[in-house]
Amino acid sequence: MKQNFTPERLRYLRLLSKDFPGVSSAGSEIIKLQTILNLPKGTEHFMSDIHGEYEAFEHILNSCSGEVKEKIHDLFAETLGSEEINNLATLIYYPSQKLAMLADAGEDTEEWFRRTIACLVRLYHFVSLKHTRREVRRRMSPEYPEVIDELLHLQGGDGARQEQYESIVDSIIRIGQAPRVILAICAGIKDLAVDYLHIVGDIFDRGPRADIVMDRLMEIPQVDIQWGNHDVLWMGAACGSRTLVATVLSNSIHYNNLDVIETGYGISLRPLAVFADEVYKDHDTHCFEVKLTGEDADRYTEKEKLQSARMYKAITIILFKLEGQKILRHPEFSMEDRLLLDKIDYEKHCVNIGGKTYSLEDWDFPTVDPKDPYTLTPEEDEVINQLRESFRHSVKIQEHVHYLYAKGSLYKVFNGNLLFHGCVPMTKEGKLMSFSMGGKERSGREFMDYADRTARKAYFDKRGSLEHRESIDFLWWLWTGKDSPLFGRNKMATFERRFIREESTWKEDKNPYYTLYEQAEICDMVLKEFGLEGSHCHIVNGHVPVKAGKGESPVKGGGKLLVIDGGLSKAYQPTSGIAGYTLMFTSRNLRIVAHQPFSGLTRVLEENDDIINDSLIFEVLEQRMRVSQCDEGIELRQRVEDLTDLLEAYMSGALAETGR
């Protein structure tokens, strides 16, 4: 008897039949999907706060936060010594560099190639066990996929299979292709060791080359990004916000981090340099000395240091004016306390902040009109317009920002975890903080969704429209706004740090979220707000360095919340005492990994000086987690249900087969 299908269901099945035109193809797909559903879930790798430290990022990525070396130990602990294990790990991390060093030293003998290929093939097979053979083949390097597939199939055999395996390896070595085969195998091992990468914000600023980090991320097939405050800063600059262009340049000059601006993105700072040298030539810039450390301190002449200070002061004054314009334009931002240029007594050289008067360390502002302090001079207006156009027309930065919008969001719910960079703003009483923006009061998930939509308008809305300008201003608020979910503080005290000696004015109070998240019930409330409940649900945050050196734990709320500020930036390491944390979520457990500072690529290659990782398994799953229990499993089960209906439609005659 024919199965009864509604007209709508039959219409959908008819569309599905174009991909699976017969019983055989539909049945094969069902079997394949059922096989995938029963596999262990793939390993997820969580990183945050990379801050342009591309070498450390690349190393943690290559080592999969120690996962690769752990697999080597699991497989070869009984047969390889520690030095051999370290050599093998370094080869997998940096195969081209390591092979070149071995070739220069004459150590890449036929016997070395034979032993090394044997170890790598065994390891490749080991990490492939959580995947179907079809998936392993699909993800293989385009270099020698058939050869590698055959080696994986034959490895561990005896008799004729072993002879066939050795014949293939001999051929690889004889024709001089062993290095290229090793490169392909190492790439495959790293690819299969981790299935999904989560970047929980702050790719940009502080470190030298965020552009290199972005290029590397764009090579990874399975990645998502939760925007950090430093990311939306650069997104806004690329979208045409003069205020955020000024902020990017002020930060970059302050930290002597101009390589990413000039070399990475091809943006010329000549308009700013010429303006600063002309306007600030005979003016005080002692409060704007650029931070120089290590070799940088001796690399620059006094003339170059003075020019940097002039540029820094010039762009910072432009920034304060533009920020003031935004605050005046948007009373809903509730940031009137940041209007400080009009609170200066320009004759007595002091400023009134919060009802108190403070002396200024620098009151030499040649471009500020005390009667109209937030208006740019014509020269300032021309300079910032030129710089904005440079950001708009940088092909590389536009490519990277497009990727941030395509792969990114303000938050993400994935496999029972809630990922966001900063905070869900809360009151000190533990209630979700409400914001009156966009003509409506919003809090919690509703506000986060509104913020995500508005951030996208800055990129996708018509340039020059009112909506576009409003959304660009909102990106600035996300970067620095009072209790913004990405900033999470009551103010950004840039003015006070530059001009006021009293350090008490520098304090930036964190949103109560950062105290309340120590309570499990608060974490449960936040998780429930985003549709998550259960013992194995977690919040994953970045943004705030964990003071590990002072005994602070990255695990909060009784294990409900994890802070994985990467701490890769050298500027933050004195605060954290380490180089931050990453998180691994495997089919068996959740493991947080503490990293020591990266010693540099040269030491890794020459001395196998891997990053020291302290791994803490803080949650063990009762049973090994399968794909069927993941978000992917929900989609696959629905797919199986649809295909099962299609199969029944064919078998009942409700649909005619058009192929096999």
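With respect to the salt-bridge test (charged N to carboxylate O, under 4.0 angstrom), the residues E446 and K440 qualify. In this structure, K371 does not pair ionically with D369, as no charged nitrogen and carboxylate oxygen lie closer than 4.0 Å. Contact check on E467 versus K457 returns no salt bridge, with no Lys/Arg side-chain nitrogen under 4.0 Å from an Asp/Glu carboxylate oxygen. Ion pairing between a basic and an acidic side chain is recognised when a charged N comes within 4.0 Å of a carboxylate O; E58 and R216 show such pairing.
Inspection of the Y374 and D342 side chains reveals an N or O donor paired with an N or O acceptor under 3.5 Å. In the model, D205 has no side-chain atom that pairs as donor or acceptor with a side-chain atom of H51 under 3.5 Å. Defined by atom type and a distance below 3.5 Å, a donor-acceptor pair is present between the side-chain atoms of Y411 and D449. Side-chain contact annotation: S443 with S434, donor-acceptor N/O pair under 3.5 Å absent. Side-chain atoms of T377 and T367 form no donor-acceptor pair, as typed in the model, at a separation below 3.5 Å. No side-chain donor-acceptor contact under 3.5 Å links E332 and S436. Defined by atom type and a distance below 3.5 Å, a donor-acceptor pair is missing between the side-chain atoms of N251 and H230.
For the pair M214/F204, a side-chain contact is recorded, criterion being any heavy-atom separation below 4.5 Å from C-beta on.
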Check against ring-ring contact (aromatic ring centres under 6.0 Å, His included), F499 and F365: CA-CA 12 Å; F499 298 126; F365 306 142; 5.2 Å; yes
Intermediate values then yes/no, salt bridge (Lys or Arg N to Asp or Glu O under 4.0 Å), D215 and K396: CA-CA 10 Å; D215 283 340; K396 177 69 78 171; 3.3 Å; yes
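Under the 6.0 Å distance and 45° angle rule, R310 does not count as a cation-pi partner of Y280.
The distance from the OG1 atom of T90 to the CE atom of M101 is 9.5 Å, given to the nearest 0.5 Å.
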